[in-house]
Amino acid sequence: MATEQFVLFIFICCLSSQFADGYDPVDPNGNITINWDFPSIEPNVYAVKVSIHNYQLYRHIERPGWRLSWVWAGDEFISDVIGAETTERGNCTGRHGANGAPPHCCEKQPVMADLLPGAPYNRQSANCCRGGVLSSVTQNNRTATSQFDMYIVNFALDEHGDPKMPTTFSIGVPGYTCSNATNVPATRSKVDEQRHVQVLRTWQIICSYSQFRDAPSPSCCVSLTTFYNNTIVGCPRDSCGGANSPSAHQCLSGGEQSKVLAALPDAEGAPPVPVIRCTEHMCPIRVHWHVKQSYRGYWRVKTTVTNYDVVSNYTDWNLVVQHPNLRSLTQLFSFNYQPLIQYGTINDTGMFWGIKNYNEMLLGDGNVQTEMILEKDPSDFTFSGGWAFPRRVYFNGHECVMPPPDQYPSLPNAARDVRVSAVQRWLVASSCVLSLSMLFLV
């Protein structure tokens, strides 16, 4: 019986971890939603408008962008596409598209890619042609959506005469897993102040992110310093994998130009292979948090994000920091900021990103930095116990490795924490009353 209970316990734990794998406490409702809208059905030709919406607060899709794929249920093929294109045409022998034109794609599993900027005007659709890049809704909700139109011939039908749903959806970005398509209420669009139009049917696919599925090791780390302690707490050693780890990046020491040249993008535009500066932490990105100064009613922090990758730039980067004093952020320099309030009035998490045409791009082997002034809250402010350091840090949606709390810079021996909570005052008062009562009893 004990063995059966143990096996059941292990099964429940594994099942729970499977569903908790994609849960993000900073953005619990974030996902990428894909809608297939059917605005019209002509004889044997189905018009489908596909829209990809990034509903994530701080994660965005970078180059080379999304690559939407699926598996047809029957012998369907794509007659034409506006606003995107498939990566392969496939074998279209004996097949003809609408009006007898050659088909666009006859693959059983087509892979659809967004058009690049500057595509011919007659091949564009609304919200297309950004190379598959999707902004987060916090940074720019206008570029968080992509869209294309396609025309499907020979759609397989079920017993009710409705088109069969494709299967095995994928968005082609590491870390994302997509659900099967489901029927949802048909999309309604507003034409003017009085009129709405509705499509014939809508299918919906939800894609969720998991950092564990994205990469075998972290990609950023955090270091700490303060004005009241000369100790420099660097990133933990081998934070992003040791030099001999299978997931370790190529390491550049000195003037090894051959590695840099080999990592540059090829003629087909493939992203460069990361080549980082050799460091103890071996991370492409380091976030440094420096408690710079203390004033009477405020305190000042300097944050620096350093890119150790000598060949890769980070366009539209963002930084998410969790700290209880962010609710009292008074002034910020050189960055944009938006609080991420997800649990009622709790405001302890914020998102930072660069200013357009100034520092929205983090260059290879470069850095961006800011300073912030925060108001001291007498109820909880203190420099002791590591309170002044962030609880969590994310760069471009990836959680960074923090130093162990026992290594945080501490206050000098002569300093002490003068903060006394209400509970502590009550305990002291109770202790005094108890001592006096014992004295009278004696």
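Throughout, residue positions are numbered sequentially from 1 according to the sequence presented.
Electrostatic pairing of Asp75 and Lys108 does not count as a salt bridge here, judged by no charged N lying under 4.0 Å from a carboxylate O.
Judged by distance alone, the side chain of Trp289 and the main-chain N or O of Ala388 form a donor-acceptor pair under 3.5 Å. Using modelled atom types, one side-chain atom of His323 and one backbone atom of Trp387 make a donor-acceptor pair closer than 3.5 Å. Remark: side-chain polar atoms of Asn313 are paired, donor with acceptor, to backbone N or O of Gly364 under 3.5 angstrom. With hydrogens and angles disregarded, no donor-acceptor distance shorter than 3.5 Å links the side chain of Ser210 to the backbone of Gly175. Under a 3.5 Å cut-off, the side chain of Gln338 and the backbone N or O of Gln139 do not form any donor-acceptor pair. Listed for the Lys164 side chain is no donor-acceptor partner under 3.5 Å among the backbone atoms of Phe155. No side-chain donor-acceptor contact under 3.5 Å links Asp149 to the backbone of Val50. In terms of modelled atom types and a separation under 3.5 Å, the side chain of Asn54 and the main chain of Ser135 share a donor-acceptor contact. Looking only at distances, a side-chain donor or acceptor of Asp114 sits under 3.5 Å from a matching main-chain atom of Gly132. With Asn318 contributing its side chain and Tyr58 its backbone, the two residues share a donor-acceptor pair below 3.5 Å.
Relative orientation of the Trp66 and Phe148 rings is parallel, given thresholds of 30° and 60° on the angle between their planes.
At a cut-off of 3.5 Å, with distance as the only test, a side-chain donor of Gln204 or Asn35 sits close to an acceptor on the other residue. The closest side-chain donor-acceptor pair between Thr303 and Thr370, if any, does not fall under 3.5 angstrom. Under 3.5 Å, the side chains of Thr304 and Asn367 contain no donor-acceptor pair of N or O atoms. A donor-acceptor pair shorter than 3.5 Å cannot be found between the side chains of Ser328 and Asp377.
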Ring pair (Phe, Tyr, Trp, His ring centres under 6.0 Å) between Trp70 and Trp203, worked out: CA-CA 13 Å; Trp70 61 88; Trp203 295 342; over 10 Å; no
Does the salt bridge (charged side-chain N to carboxylate O under 4.0 Å, His left out) test come out yes or no for Asp309 and Arg277, once each step is laid out? CA-CA 7 Å; Asp309 191 337; Arg277 296 285 181 187; over 6 Å; no
Under the side chain to side chain donor-acceptor pair (under 3.5 Å) rule, what do His288 and Thr225 come out as? Steps first, then yes or no, please. CA-CA 8 Å; His288 184 70; Thr225 55; 2.8 Å; yes
Quick one, Tyr209 with Asp27, criterion side chain to side chain donor-acceptor pair (under 3.5 Å). Give me CA distance, side-chain angles, the key distance, then yes/no. CA-CA 11 Å; Tyr209 175 83; Asp27 187 12; over 6 Å; no
Would you please test Phe383 and Phe389 for ring pair (Phe, Tyr, Trp, His ring centres under 6.0 Å) and show each step? CA-CA 9 Å; Phe383 281 130; Phe389 304 114; 9.0 Å; no
Just do the side chain to side chain donor-acceptor pair (under 3.5 Å) check on Thr177 and Arg213 with the steps written out, would you? CA-CA 9 Å; Thr177 304; Arg213 296 177 180 177; 2.6 Å; yes
Steps toward side chain to side chain donor-acceptor pair (under 3.5 Å) verdict (Asn31, Gln56): CA-CA 5 Å; Asn31 65 69; Gln56 298 176 111; over 6 Å; no
Between Phe352 and Trp317, is a ring pair (Phe, Tyr, Trp, His ring centres under 6.0 Å) present by the stated rule, with each step listed? CA-CA 9 Å; Phe352 304 82; Trp317 58 270; 8.9 Å; no
Given the rule in the salt bridge (charged side-chain N to carboxylate O under 4.0 Å, His left out) test, do Asp380 and Arg327 qualify, once you have shown the distances and angles that lead to the verdict? CA-CA 12 Å; Asp380 63 358; Arg327 67 177 180 268; 2.8 Å; yes
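Disulfide status for Cys283 with Cys240: present, SG atoms under 2.5 Å apart. Cysteines Cys221 and Cys400 have SG atoms no closer than 2.5 angstrom. If you check the gamma sulfurs of Cys178 and Cys207, they are less than 2.5 Å from each other.
With a 4.5 Å cut-off on side-chain heavy atoms, Tyr46 and Pro163 count as touching. Put simply, the side chain of Arg95 reaches to within 4.5 Å of the side chain of Cys106, judged on heavy atoms. Between Asn127 and Ser146, every side-chain heavy-atom pair lies at or beyond the 4.5 Å cut-off. Put simply, the side chain of Tyr337 reaches to within 4.5 Å of the side chain of Leu329, judged on heavy atoms. Between Ser51 and Gln147, some side-chain heavy-atom pair lies under the 4.5 Å cut-off. Counting heavy atoms from C-beta outward, Met112 and Arg67 have side chains that stay 4.5 Å or more apart. A 4.5 Å side-chain heavy-atom check between Ile285 and Asn307 finds at least one atom pair inside the cut-off.
Residue-environment remark: CZ (Phe333) exceeds the threshold of 12 foreign heavy atoms within 6.0 Å. Counting heavy atoms of neighbouring residues, nucleotides and ligands inside a 6.0 Å radius, atom CD of Glu88 does not exceed 12 of them. Surrounding OH of Tyr121 are at most 12 heavy atoms belonging to other residues, nucleotides or ligands under 6.0 Å away. Around atom CG of Leu157, more than 12 heavy atoms belonging to other residues, nucleotides or ligands sit under 6.0 Å away.
Taking CE of Met402 as the reference point, atom SG of Cys235 lies at 9.5 Å (rounded to 0.5 Å). Note that the CG atom of Asp80 and the CZ atom of Arg123 stand 4.5 Å from one another [nearest 0.5 Å]. Taking NE2 of His398 as the start and OG of Ser217 as the end, the distance is 10.5 Å to the nearest 0.5 Å.
Checked options Trp353, Phe395, Tyr394; the residue passing with Val320 is Tyr394 (criterion: side-chain contact (heavy atoms from CB on, under 4.5 Å)).
For Glu371, the salt bridge (Lys or Arg N to Asp or Glu O under 4.0 Å) criterion is met by Lys292, Arg300, not counting sequence neighbours.
Taking the six-membered ring wherever Trp is involved, the centroid distance between the rings of Tyr308 and His281 falls below 6.0 Å.
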